[in-house]
**Student:** 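Dumping the structure here so I can ask a few things about it.
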Amino acid sequence: MLTRLSRLGPALPRLLSHPPARFVSQSKPTGAAGSTAVTELHPAADSAGHGEVSEYVKNPDYHGFSSDPVVDDWNMKVGFFFGISVALVIGATFIHYLPDHGMRQWARREAELVIQQREREGLPLIAENYYDPNKIVLPSAGEE
C-alpha cells in the first residue's frame, strides 16, 4: 500500500492543482427534462480578477522554500544536504567516538592484563581467599 502511495508522491501536487470542475449525475432522469444534470463542484474562477494562484501552478517542482524556482530548488538541496547528510554523518561519528561509558572497555583490558600476568607467574586466576583473612575484622560472639 505504501509503495503505491510513494509512486504517487511527485505527481500529487500536479493532480491537486487542477481539480475537476464538473460532475455529471448518473441517476435516472426524473420529470420531463430527461437529460443528465450537470452540477458545479467548485464555483467558476473569476478570470478577470486577480485571484491567488497556487505555487504548484507557477512552479510544478515547488518544494515550499521560496516562490522563486531557482531559490526554491537551491534551498531544497542545501536543506537536505545539511539536514540529512551532515546530520547523519557527523551524528554517527560523534556517537561512535564518545568516551567509554562506565569504563567497561578499560576494565576488560585491565582484567586481561591481570590474567596474563598471573598465568606467567603460575598463580591461580582467583586466589582461594579473595580477601586477606588477616585483615578482616569479625565481631565477637557476644556482640551478635
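Here the structure is a predicted model, which is why all the values come from computation and not from measurement.
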**Student:** From Phe80 CZ over to Ser85 OG, what is the distance, rounded to the nearest 0.5 angstrom?
**Tutor:** 10.5 Å
**Student:** Trp74 and Val86: same hydrophobic cluster, using ILVMFWY side-chain contacts below 4.5 Å?
**Tutor:** yes
**Student:** Taking side chain to side chain contact (heavy atoms under 4.5 Å, CB included) as the criterion, tell me which of Val78, Asp73, Val71 meets it with Asn75.
**Tutor:** Val71
**Student:** Got a list of side-chain donor-acceptor pairs under 3.5 Å for residues 123-139, not counting sequence neighbours?
**Tutor:**
{"unit_1": "Asp132", "atom_1": "OD1", "unit_2": "Asn134", "atom_2": "N", "d": "3.4"}

**Student:** Testing the basics here: between Asp72 and Gly64, what is the closest heavy-atom pair and its distance to 0.1 Å?
**Tutor:** OD1-N, 3.3 Å
**Student:** In chain order, what residues pass the side-chain contact (heavy atoms from CB on, under 4.5 Å) check against Leu88, with sequence neighbours excluded?
**Tutor:** Ile84
**Student:** Taking side-chain hydrogen bond (donor to acceptor under 3.5 Å, both in side chains) as the cut-off, I'd like each qualifying pair that reaches into residues 87-111, sequence neighbours left out, listed once.
**Tutor:** Arg108-Glu112
**Student:** Would Ile90 and Phe81 show up in the same hydrophobic cluster when neighbours are defined by side-chain heavy atoms closer than 4.5 Å?
**Tutor:** yes
